[in-house]
Amino acid sequence: MKPIEYIRPDSADAALDAIRAENAKFIGGGTNLLDLMKLEVETPDALVDVHRLDMGGFSDTDGNGLRIGAEVTNTTLANNSRVRKDYRVLSEALLSGATVQLRNRATTGGNFLQRTRCYYFMDTTRPCNKREPGSGCAALNGPSRIHAILGTSAHCIATHPSDMAVAMAALDAKIHTRKADGASRTVAATELHRLPGDTPQIDTVLEDGELIEAVTLPAPLGGTHLYRKVRDRSSYAFALVSAAIVLRIADGKIETTRLALGGVAHKPWRAEKAEARLAGQAPTEENFQAAAEAELADARAEGSHAFKIELAKRTIVAALREAADRENAA
Amino acid sequence: MTSLTINGKAVELEVDPRTTLLDALREHLKLTGSKKGCDHGQCGACTVLLDGERVNSCLVLFAGCDGQDVTTIEGLKDGDELGAMQRAFVSHDAFQCGYCTPGQICSAVATLKEVERGDASAVTADDGDIHLTRLEVQERMSGNICRCGAYNNIVDAVMETGGAALQTEAAE
Ligand SMILES: Cc1cc2nc3c(=O)[nH]c(=O)nc-3n(C[C@H](O)[C@H](O)[C@H](O)COP(=O)(O)OP(=O)(O)OC[C@H]3O[C@@H](n4cnc5c(N)ncnc54)[C@H](O)[C@@H]3O)c2cc1C
Ligand code: SF4
Ligand code: FES
Ligand code: FES
């Protein structure tokens, strides 16, 4: 085993300084990074712990939004009173993920940057372009189930596993970072993760050593919030397909739809085609079905995960129906 | 050097930085109550309380626990007697082989505290009121796998202990 250094800086500046060391990685809750280190999928030489950086916890933003420090745990975020009230879909998404034990450790920053659960990625004896560029993709020839149906490439069909990130995409959250050279920038949650293309080893648009400091949510949208997750067991399992929805109906017409899908792509999939199809329409079964068909029109799957195309459509329709029923009852 | 409190006792220990809290407890401190099932966050056998909140000790670095407070199954006894949750597990036959049990009990103790505090779960109704129903207990305890399938009796033990605690409180 090679030696490793563990560093616990107490300011963002010190953390950015430490991360410039050769092959260093930030560690939040460690629930993904330590898992992957034990599998030798991740092999950092230094770990820079973000727990003592003061990244600010919660605060209200100008314009009635909410700022969330990157160190806030998934448990704390899910139970925050403003999140429960104004951003309910985020609370539901978080509570549908993992377990209390894991959510107590998992951080907001780490959740965004958790890596795919593709079993071949997590098994160093198998070819995987994400883990070892150019080695091939075992998922294309072996059993697939948790794999992608939208935005795939010939090089990788992995999905991003986070539930939280799907709700963040639906809510148009923004991610605030500092690059290793100290410069700040803001990235939309919908733009953080990328499609695999011919460089599946690159998960996100962040640079090496870029620190997530905070996430902001815009002013609440109102309406009905709902997170629907379909999986192989009813708790403690990743999504096969999930849908995050915010729906507002006024005078029998759909005024706002925010729809993002999980488990279907290399990134949280904001369903813009479905949203456009529903704008101003009546909340009918026919329109829901047409929206689902529009969103999945380009879906492709060669392997044993092909069932997810139909599953995604049904999930969208069922989630829209439930949200509309609740919205009409409100 | 990492300094922390474990079951009420101050402990100082220097380990390789990759050492998990679970390995430090079992291999270095000989607190073998916490079990290693999967070592990957998938079973809950290693559940302990860190600053009072339950975590999978297999996915926590020991060095990161500096200044924190750890409670393991060894710390849940009531003087020289078993604690209330431990007694309930015995009386409800809430185990068979017993391998998952220390993690189950740590998780169960935390569950009651979380419910009392008003933490929501995936099955908590919209009105926000939380009742210790079977469904709530099952969802909140889903991070602890029992290969012997003692689940029904585990839920009974948690519910009874939760009910008993609530009655004591009401009587005060
Ligand atoms: C058995 C199991 C089941 C699970 N089930 C689900 C589920 O159903 N749904 C779900 O969504 N998730 C699930 N998870 C995943 C879990 O949500 C993630 O592991 C967790 O959110 C990662 O957060 P962390 O803080 O522990 O990240 P870490 O493991 O600490 O880090 C993950 C990555 O983020 C980087 N990082 C961390 N913090 C920062 C920062 N501030 N800035 C820049 N980089 C940073 C690290 O370098 C690392 O690359 C499950 C995990 C396990 C083990
Ligand atoms: S799908 Fe992507 S992550 Fe999975 S084996 Fe193929 S290249 Fe690797
Ligand atoms: S040993 Fe930690 S969760 Fe299985
Ligand atoms: S009692 Fe045997 S695993 Fe639970």
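Residue numbering restarts at 1 for every chain, and letters A, B, ... go by the order of the sequence lines.
The nearest pair of heavy atoms linking B:Thr71 to B:Asn7 is CA-OD1, 3.3 Å. In this structure, A:Leu90 and A:Ala167 approach most closely via the heavy-atom pair CA-CB, 3.6 Å. Among all heavy-atom pairs drawn from B:Lys35 and B:Gly33, the shortest one is NZ-O, 3.1 Å. The two residues B:Ile154 and B:Ala94 make their nearest non-hydrogen contact at CG1-O, 3.4 Å.
Ranked by heavy-atom pairs shorter than 4.5 Å toward chain A, the options B:Ser121, B:Gly64, B:Ser107 are led by B:Gly64. Chain A forms the most heavy-atom pairs under 4.5 Å with one residue out of B:Ile145, B:Asn144, B:Asp119, and that residue is B:Asp119. Residue with the most contacts toward chain B among A:Ile27, A:Asp35, A:Thr99, A:Thr75: A:Asp35 (heavy-atom pairs, distance under 4.5 Å).
Aromatic ring centres of A:Tyr119 and A:His147: separated by under 6.0 Å.
Looking only at distances, a side-chain donor or acceptor of A:His160 sits under 3.5 Å from a matching main-chain atom of A:Phe112. Checking side-chain atoms of A:Arg258 against main-chain N and O of A:Ala170 turns up a donor-acceptor pair under 3.5 Å. The backbone N or O of B:Thr32 sits less than 3.5 Å from a side-chain atom of B:Arg26, completing a donor-acceptor pair.
Each of A:Arg103, A:Lys229, A:Arg228, A:Arg231 was compared with A:Asp163 under the salt bridge (charged side-chain N to carboxylate O under 4.0 Å, His left out) criterion, and only A:Lys229 meets it.
Using a 4.5 Å heavy-atom cut-off against chain A, the contacting residues of residues 51-61 of chain B are B:Glu53, B:Arg54, B:Val55, B:Asn56, B:Cys58, B:Leu59, B:Val60, B:Leu61.
Within the 4.5 angstrom heavy-atom criterion, only side-chain atoms of B:Glu114, from C-beta onward, approach chain A. Using a 4.5 Å cut-off between heavy atoms, A:Leu33 does not touch chain B at all. There is no contact between B:Thr111 and chain A, counting heavy-atom distances below 4.5 Å. When heavy atoms are compared at a cutoff of 4.5 Å, B:Thr47 approaches chain A solely by way of its side chain, counted from C-beta outward.
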